[in-house]
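Positions are given from 1 along the sequence.
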Amino acid sequence: MTTMIGLLLIATWIGAVIAELPPGVQPCAPTNNLGQYNECVLQQLKAITPYLAKGIPSLKLPALDPLFLPSLTVDRNLEALKIKANMSKIRVYGATNFLIDDLKANPDDLSVVIKVQLPHIHVNGDYDVQGRLLLLPLNGAGSFKGNFTNTEAQVSAQGKSVTDRNGVQRIEVDKLVTKIRVGDGNIRLKAPPSHSVAADAAATFFNSNPRLVLDIASPIIEDTAATVSRALAARALGVLTKQELLL
């Protein structure tokens, strides 16, 4: 999901024919008719979608389905959730099957608001976690699998013009805010015998109360999505100059 969000931001800001883009992706010229501009961007996103699964190397964007994250660290202390977790070898499946509900972009101030749905996401990887969820201890290490459905995401982003150390003008993400609601989900945790009781208890609690747990974890989900999206967008925007991005 995070890669997709980063790519949507880039695609929204593209305003010129760029050799690095996949064939069939056309520019959207800035116009005072924002409805027309947004429709152009939507068509551009449809043209990019077939390339998402394998990634776009020319824009330094990795394969999206599955998306591979070598590692991810979470360290948060919330009222109902205290957690320190190191996750690795994470693979995310299903992010190419997104649906765009709404898109509002302004090429003049480089702002964009996007609402999307992801019907089904499957995630697996390894975990090492310590913490507490309400009164339930979270301690142990092992592997995990998770299935999540009906995810709704809204991303608000603001770009800005910068000059790099070589004097070249570029566009970078200035502000990015995500709002994410995962509709439902279930998880499976596999752990060695020394941690199996804790793993079973945690999985049972989540699967019995997915709405409760997902709502508690929402700030962590949103912050993680924003961090990864910003990093991926920065990689792709770093390939392009401001002149290439904007007519």
Participant: List the residues meeting salt bridge (Lys or Arg N to Asp or Glu O under 4.0 Å) with D126, not counting sequence neighbours, and say none if there are none.
Facilitator: none

Participant: Is there a side-chain contact between R76 and L81 in this structure, where contact means two heavy atoms from C-beta onward sitting under 4.5 Å apart?
Facilitator: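 No, every pair of side-chain atoms sits at 4.5 Å or beyond.
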
Participant: Between E222 and V177 (side chain of the first, backbone of the second, donor and acceptor by atom type, cut-off under 3.5 Å), is there such a pair?
Facilitator: no

Participant: Check this for me: R188, atom CZ, are more than 12 non-hydrogen atoms of other residues, nucleotides or ligands nearer than 6.0 Å?
Facilitator: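 Atom CZ in R188 is not crowded, with 12 or fewer foreign heavy atoms closer than 6.0 Å.
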
Participant: Using a 4.5 Å cut-off on heavy atoms from C-beta on, say whether the side chain of N106 contacts that of Y37.
Facilitator: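 No - every pair of side-chain heavy atoms lies 4.5 Å or more apart.
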
Participant: I need the S143 OG to L189 CG distance, nearest 0.5 Å.
Facilitator: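 So the OG of S143 and the CG of L189 are separated by 8.0 Å.
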
Participant: Are E152 and K115 side-chain neighbours, meaning at least one heavy-atom pair lies under 4.5 Å?
Facilitator: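 When only atoms from C-beta onward are counted, K115 and E152 do not touch, as no gap falls below 4.5 Å.
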
Participant: Just how far is it from atom CG of L134 to atom CD of E79, taken to the nearest 0.5 Å?
Facilitator: 9.5 Å

Participant: Can you see which heavy atom on Q36 is nearest to which on N33, and at what distance?
Facilitator: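 The answer is N-OD1, 3.0 Å.
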
Participant: Atom CD of residue position Q130 - does it have more than 12 heavy atoms of other residues, nucleotides or ligands inside 6.0 Å?
Facilitator: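 Open: at most 12 neighbouring heavy atoms sit under 6.0 Å from CD of Q130.
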
Participant: Is there a path of hydrophobic side-chain contacts, each under 4.5 Å between heavy atoms, that joins L138 and V74?
Facilitator: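 Same hydrophobic cluster.
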
Participant: With rounding to the nearest 0.5 angstrom, report the CD1 to CG distance, I187 to N207.
Facilitator: 5.5 Å

Participant: Among N150, N97, N147, whose side chain to side chain contact (heavy atoms under 4.5 Å, CB included) with H120 holds?
Facilitator: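 Single side chain to side chain contact (heavy atoms under 4.5 Å, CB included) partner of H120 among N150, N97, N147: N147.
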
Participant: Using 30° and 60° as the class boundaries, would you call the ring planes of F148 and F206 parallel, tilted or perpendicular?
Facilitator: perpendicular

Participant: Picking from T151, V155, I100, L99, what satisfies side chain to side chain contact (heavy atoms under 4.5 Å, CB included) with V116?
Facilitator: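 For V116, the side chain to side chain contact (heavy atoms under 4.5 Å, CB included) check succeeds only for I100.
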
Participant: Check for a donor-acceptor pair, side chain of N166 on one end and backbone N or O of V168 on the other, with a separation under 3.5 Å.
Facilitator: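 No: the side chain of N166 does not pair with the backbone of V168.
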
Participant: With a 4.5 Å limit on heavy-atom distance, are the side chains of D174 and L110 in contact?
Facilitator: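 The answer is no; the side chains never approach within 4.5 Å.
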
Participant: Judged by atom type as modelled, is there a donor-acceptor pair below 3.5 Å linking the side chain of D75 to the main-chain atoms of K84?
Facilitator: no

Participant: What pair of heavy atoms forms the shortest contact from I171 to S161, and how long is it?
Facilitator: CD1-CA, 4.1 Å

Participant: With sequence neighbours excluded, what pairs up with D184 under the salt bridge (Lys or Arg N to Asp or Glu O under 4.0 Å) test?
Facilitator: none

Participant: Taking H122 for its side chain and V92 for its backbone only, find out whether a donor-acceptor pair lies under 3.5 Å.
Facilitator: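 No; zero donor-acceptor contacts below 3.5 Å.
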
Participant: CG of N209 to CG of D215: how many Å apart, nearest 0.5 Å?
Facilitator: 11.0 Å

